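Report on one structure; see the data block that follows.
The model shown is predicted, which means the values in this text are computed figures rather than measured ones. Order of appearance sets the numbers: ligands from 1, and atoms from 1 within every ligand.
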Amino acid sequence: MNYCITIGTEDAFSEALVVFRGLKNLRTIAELGYDGIELALFDKANIEVDKVKRLLVQYQLKLPVISTGQVFTMRQAWFTHPDPEIRRKAVQIVKGLIEVAAEFGAAVNISRVRGYIHEGDSYHEAIHRLTGCLDELCAYAAKFDLNLVLEQMNRYETNYFHSVAEVGEYIKGAQIPNLKIHADLFHMNIEDVGLTETIKKYQAILGYIHFADSNRLAPGLGNIDFAAIMKILDEVGYQGWIGLEVSPKPDPYCAAKQSIEFLRKVERSF
Ligand code: LER
Ligand code: MN
């Protein structure tokens with residue numbers, strides 16, 4: 001399996017859920033044995049593309065996913081917003097992030113930026129607005145041959161698309177070929193009926209997976225059966241990346257080390 005770990009820029013939103021902050025950590029990430037990074041951005045001007053490319057070559061890391069949660073938290077723009085100007089702003093920012101992703105052949109994650117169902121709006125209105133934005137963005141991403149991955153999130157963090165099953169059914173209905181599921185085991189463990197069964201059912205449209213244990217600590221520190229998860233991913237021939245999105249506790253280094261060492265050990269036990 002290929003593992004990447006979440007990292008934000010130095011100026012990342014203080015509450016952004018990333019393990020590391022700042023590209024100065026790339027060396028540590030490589031030394032720990034990761035294959036790549038998931039980079040969290042809130043604007044295309046956040047990074048110098050050439051510098052990042054140089055560092056990735058130097059440390060032999062890949063950049064498979066760019067995440068966009070801070071477009072919601074920092075830029076205050078999202079796709080279900082009742083104001084079309086705000087939706088337009090969200091689409092423009094994410095188009096910029098797709099351009100950055102194109103430099104690396106990375107997928108673009110759509111998580112908090114999808115927004116929530118506003119008070120007074122119906123589910124259908126919200127989904128209609130979301131679909132309008134995703135149609136435009138997926139068509140834009142297709143020009144660069146990139147996927148967008150749509151993340152499910154548990155009921156305490158948002159008010160729709162809680163489970164992989166819900167996102168999977170939406171994607172099947174939307175029929176957008178470069179829109180895939182972004183599953184997150186932490187959220188799945190709260191919302192999906194069965195983890196392995198769900199992965200198996202939606203494997204054909206599974207684009208990316210976040211790993212964390214049931215308590216959001218590093219794998220091995222909670223009660224998710226990672227051997228069963230790894231086995232099913234192997235069985236269905238999952239070719240995508242696994243991104244470690246864990247709480248950086250007791251500190252980023254320890255959380256990153258525990259995660260990769262535990263997962264490699266599980267893989268060796270097969
Ligand atoms: C938040 O809980 C999460 O899983 C992130 O990947 C979304 O920004
Ligand atoms: Mn996640």
*asked:* Is it the case that over 12 heavy atoms from other parts of the model lie below 6.0 angstrom from the CD atom of Glu31?
replied: yes
If you count every heavy atom of other residues, nucleotides or ligands that lies below 6.0 Å from Lys172 atom NZ, does the total exceed 12?
yes
Can you list the ligand 1 atoms lying under 4.0 Å from a non-hydrogen atom of [X]?
| X | answer |
| --- | --- |
| Asp184 | 4 (O) |
| Glu151 | 3 (C), 4 (O), 5 (C), 6 (O), 7 (C) |
| Glu157 | 1 (C), 2 (O) |

Closest heavy-atom approach to atom 4 (O) of ligand 1 among His210, His187, Gln70 is made by His187
ang(OE1 Glu245, the Mn ion (ligand 2), OD2 Asp184) rounded to 10° is 90°
Check: Judged by modelled atom types alone, do Ser214 and Asn189 share a side-chain donor-acceptor pair under 3.5 Å?
Finding: no
Atom 6 (O) of ligand 1: closest protein heavy atom, distance to 0.1 Å, is Glu245 OE2, 2.6 Å
Interatomic distance, CG@Asp35 vs CG@Asn2, rounded to 0.5 Å, equals 4.5 Å
At under 4.0 Å between heavy atoms, what of Arg216 touches ligand 1? The answer is side chain
Notebook entry, point to check: Is there a path of hydrophobic side-chain contacts, each under 4.5 Å between heavy atoms of I, L, V, M, F, W or Y residues, that connects Phe186 with Leu150?
Noted result: no
Which atom of Glu151 is nearest the Mn ion (ligand 2), counting N, O or S only? It is OE2
Item to check | Check against ring-ring contact (aromatic ring centres under 6.0 Å, His included), His162 and Tyr160 | outcome: CA-CA 6 Å; His162 297 141; Tyr160 77 116; 7.9 Å; no
Please say whether Ser111 places an N or O atom under 3.5 Å from an N or O atom belonging to ligand 1.
yes
In Leu39, Val18, Val19, the residue satisfying side chain to side chain contact (heavy atoms under 4.5 Å, CB included) with Ile7 is Leu39
query: Has His210 got an N/O/S atom less than 2.8 Å from the Mn ion (ligand 2)?
result: yes
